[in-house]
**Student:** 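Input: one structure, supplied below.
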Number of protein chains: 2
Amino acid sequence: MILSTKGRYGVRAAFDLALHYGEGPITLKSISERQNLSDPYLEQLIAILRKDGLVTSVRGAQGGYLLSRHPSKISVGDILRSLEGPMAPAECVLDDQDKECIKADYCVTRILWEKIMDSIDKVIDSISLQDMADDYERIEKDYTQEEGENVDKKKSLC
Amino acid sequence: MILSTKGRYGVRAAFDLALHYGEGPITLKSISERQNLSDPYLEQLIAILRKDGLVTSVRGAQGGYLLSRHPSKISVGDILRSLEGPMAPAECVLDDQDKECIKADYCVTRILWEKIMDSIDKVIDSISLQDMADDYERIEKDYTQEEGENVDKKKSLC
DNA sequence: CTTAATCCCGACTGATTTAGTAGGGATTAC
DNA sequence: GTAATCCCTACTAAATCAGTCGGGATTAAG
């Protein structure tokens, strides 16, 4: 049940934008460098976020991307659902008449999928990009300073 | 983020076994008929559950499958993790040194994935097959009696 | 002892999704 | 005018999904 890179990279990109919120347009290239992502690929992901109104773009030289709202008003859930679709474990819990289960609202399995979806939504909607940025300021910065260049090559970022 | 059919069908099969717990070996064929699943495919899924010790088999004529423990002692999480692997949104939260994130335990993104995984685990581990069977006895049976043959062909089971 | 009902196992496959790459077009600050 | 950007479409290799297929092993029942 691993999320695809879309959702994972997308969260990292959005988190990066949150860290630089208020600094004007951030270029795709700087995001992909800091986050270690292929930039043509990241471009596609940001395009989705833009279509969903989570990110705004400024074209031309000195252009770049910005979060369209304050980071405290954008949740990780907004980003994940935009890129991955609804966090439904099964199609039957989607708001789509055709995808509805034959047994409709008295289906035990459906109740299960709904409980799972609700619990995922609850967590991801309760965490904003601002929360992540705050956590970063609190814990991550200290470490990165004292860290040398001796990173284990087998390991990657998440 | 839709679960694969493995997990979804597997839960239905396990639920079916829970409903017939105590009735001796249940044949694959009867499960696949009741649950409307292809039986060679279901066979593969049950093989996984068997290898993970959740289901026991009895070979030969009059054989079939049984839950290896009382339905109240098997959670939906046991079934799902057996078939789908750990409910981790990213590899870095797995207990595997090599898959660990470079930034290890001070990575903000990792904390996020962990929170999501924990919340999924909490729900799926809190629901046992017995719980599902009980729900079924309570709500589903009433409906199926009064229901006619007029099912919407576009819809399926979940 | 034969037979039918079962489970058991590995190989194969078409369709879809994933995780990108490639290449060029449009826009704008300088 | 030009360099730095974002914007868009098309392509692709590899992996995964969702099965199918065919035969082998085991055992209860007659």
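Every heavy atom of this structure was used, including side-chain atoms; hydrogens, water molecules and symmetry mates were not. If you're wondering where the values come from, they're calculated on a predicted model, not measured in any experiment.
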**Student:** Quick one: do A/Tyr9 and A/Ser4 satisfy side-chain hydrogen bond (donor to acceptor under 3.5 Å, both in side chains)? Show the steps, please.
**Tutor:** CA-CA 9 Å; A/Tyr9 295 179; A/Ser4 73; over 6 Å; no

**Student:** Indicate the atoms forming the closest heavy-atom contact of B/Ile124 with B/Ser75, along with that distance.
**Tutor:**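 It is O-CB, 3.7 Å.
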
**Student:** How many Å lie between CD on B/Glu33 and P on C/dA5, as a whole number?
**Tutor:**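 To the nearest whole Å, that distance equals 13 Å.
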
**Student:** Just checking B/Ile26: base, sugar-phosphate only, or nothing, at a heavy-atom cut-off of under 4.0 Å?
**Tutor:**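 Here B/Ile26 touches the backbone only, sparing every base.
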
**Student:** Salt bridge check: are B/Asp121 and B/Arg81 linked by an N-O gap of less than 4.0 Å?
**Tutor:**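 Looking at B/Asp121 and B/Arg81, the cut-off is met.
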
**Student:** Applying side-chain contact (heavy atoms from CB on, under 4.5 Å), run through B/Ile139 and A/Ile111 and close with a yes or a no.
**Tutor:** CA-CA 11 Å; B/Ile139 43 176; A/Ile111 296 173; 3.8 Å; yes

**Student:** To the nearest Å, how far apart are B/Leu83 CG and D/dC17 C1'?
**Tutor:**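 Distance check: B/Leu83 CG to D/dC17 C1' gives 14 Å.
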
**Student:** Is the shortest side-chain heavy-atom distance between B/Ile26 and B/Tyr21 below 4.5 Å?
**Tutor:**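 Side chain of B/Ile26 against side chain of B/Tyr21, heavy atoms only: no contact under 4.5 Å found.
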
**Student:** Ignoring hydrogens and angles, state whether a donor on the side chain of B/Thr5 or B/Tyr41 is under 3.5 Å from an acceptor on the partner side chain.
**Tutor:**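 Per modelled atom types, B/Thr5 and B/Tyr41 side chains form a pair under 3.5 Å.
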
**Student:** Round to the nearest Å and state the distance from B/Glu91 atom CD to C/dT18 atom C1'.
**Tutor:**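 That distance rounds to 14 Å.
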
**Student:** Can you find a heavy atom in the side chain of A/Val55 that is under 4.5 Å from one in the side chain of A/Ser68?
**Tutor:**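 A side-chain contact under 4.5 Å is absent here.
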
**Student:** For A/Asp39 and D/dC7, what is the distance between atoms CG and P respectively, to the nearest whole Å?
**Tutor:**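 For the pair A/Asp39 CG and D/dC7 P, the rounded distance is 14 Å.
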
**Student:** Can you find a side chain N or O atom of B/Ser38 that sits less than 4.0 Å from OP1 or OP2 on D/dT20?
**Tutor:**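 So the side-chain polar atoms of B/Ser38 do come within 4.0 Å of the phosphate oxygens OP1 or OP2 of D/dT20, strictly under.
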
**Student:** Can you tell me the distance, in whole Å, between the CD1 atom of A/Ile48 and the C1' atom of C/dA19?
**Tutor:**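 The distance from CD1 of A/Ile48 to C1' of C/dA19 comes to 12 Å, rounded to the nearest Å.
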
**Student:** Could A/Lys29 and A/Asp39 be called an ion pair, given the rule that one side-chain N must be under 4.0 Å from one carboxylate O?
**Tutor:**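 A salt bridge is absent here (no side-chain N lies under 4.0 Å from a carboxylate O).
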
**Student:** So, do B/Val108 and B/Leu112 sit near enough that their side-chain heavy atoms are less than 4.5 Å apart?
**Tutor:**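 B/Val108 vs B/Leu112: side chains apart.
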
**Student:** Using a strict heavy-atom distance below 4.0 Å, which residues from residues 2-12 of chain B are in contact with DNA chain D?
**Tutor:**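 B/Ser4, B/Thr5, B/Tyr9, in order of number.
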
**Student:** Given atom CG of B/Leu66 and atom C1' of C/dT6, what is their separation to the nearest angstrom?
**Tutor:**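 After rounding, the reported distance stands at 13 Å.
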
**Student:** If you only use heavy atoms from C-beta on, which nucleotide in C/dT21, D/dC7, C/dT6 is closest to the side chain of A/Tyr65?
**Tutor:**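 The listed nucleotide nearest to A/Tyr65's side chain is D/dC7.
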
**Student:** Going 5' to 3' through nucleotides 25-30 of chain D, assign each nucleotide B (protein heavy atom under 4.0 Å from a base atom), S (under 4.0 Å only from sugar-phosphate atoms) or - (no protein heavy atom that close).
**Tutor:** BBBS--

**Student:** Rounded to whole angstrom units, what separation is found between the OH atom of A/Tyr41 and the P atom of D/dC6?
**Tutor:**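 Rounding to the nearest Å, OH of A/Tyr41 and P of D/dC6 are 18 Å apart.
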
**Student:** Give me the distances for all protein-to-nucleotides 8-10 of chain D N/O pairs that come in under 3.5 Å?
**Tutor:**
{"from": "D/dC8", "atom 1": "OP2", "to": "A/Arg50", "atom 2": "NH2", "distance (Å)": "2.8"}

**Student:** Considering only D/dT20, D/dC6, C/dT21, which nucleotide approaches the side chain of A/Ser57 most closely?
**Tutor:**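 That would be D/dC6.
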
**Student:** So what does A/Leu28 hit on the nucleic acid, given a heavy-atom distance under 4.0 Å: a base, only sugar-phosphate, or nothing?
**Tutor:**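 Sugar-phosphate contact only - A/Leu28 comes under 4.0 Å of backbone atoms but never of a base.
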
**Student:** Run the numbers on A/Tyr65 and A/Thr27 for side-chain hydrogen bond (donor to acceptor under 3.5 Å, both in side chains), then give the verdict.
**Tutor:** CA-CA 6 Å; A/Tyr65 296 96; A/Thr27 64; over 6 Å; no

**Student:** Can a salt bridge be assigned to the pair B/Asp118 and B/Lys115 using a cut-off of 4.0 Å between side-chain N and carboxylate O?
**Tutor:**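 No, this pair does not count.
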
**Student:** Tell me whether B/Glu91 contacts the main-chain N or O of B/Lys99 through its side chain, where contact means a donor paired with an acceptor under 3.5 Å.
**Tutor:**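 Such a contact is absent between B/Glu91 side chain and B/Lys99 backbone.
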
**Student:** Can you tell me the distance, in whole Å, between the CG atom of B/Leu42 and the P atom of D/dG19?
**Tutor:**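 Distance, rounded to whole Å: 11 Å.
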
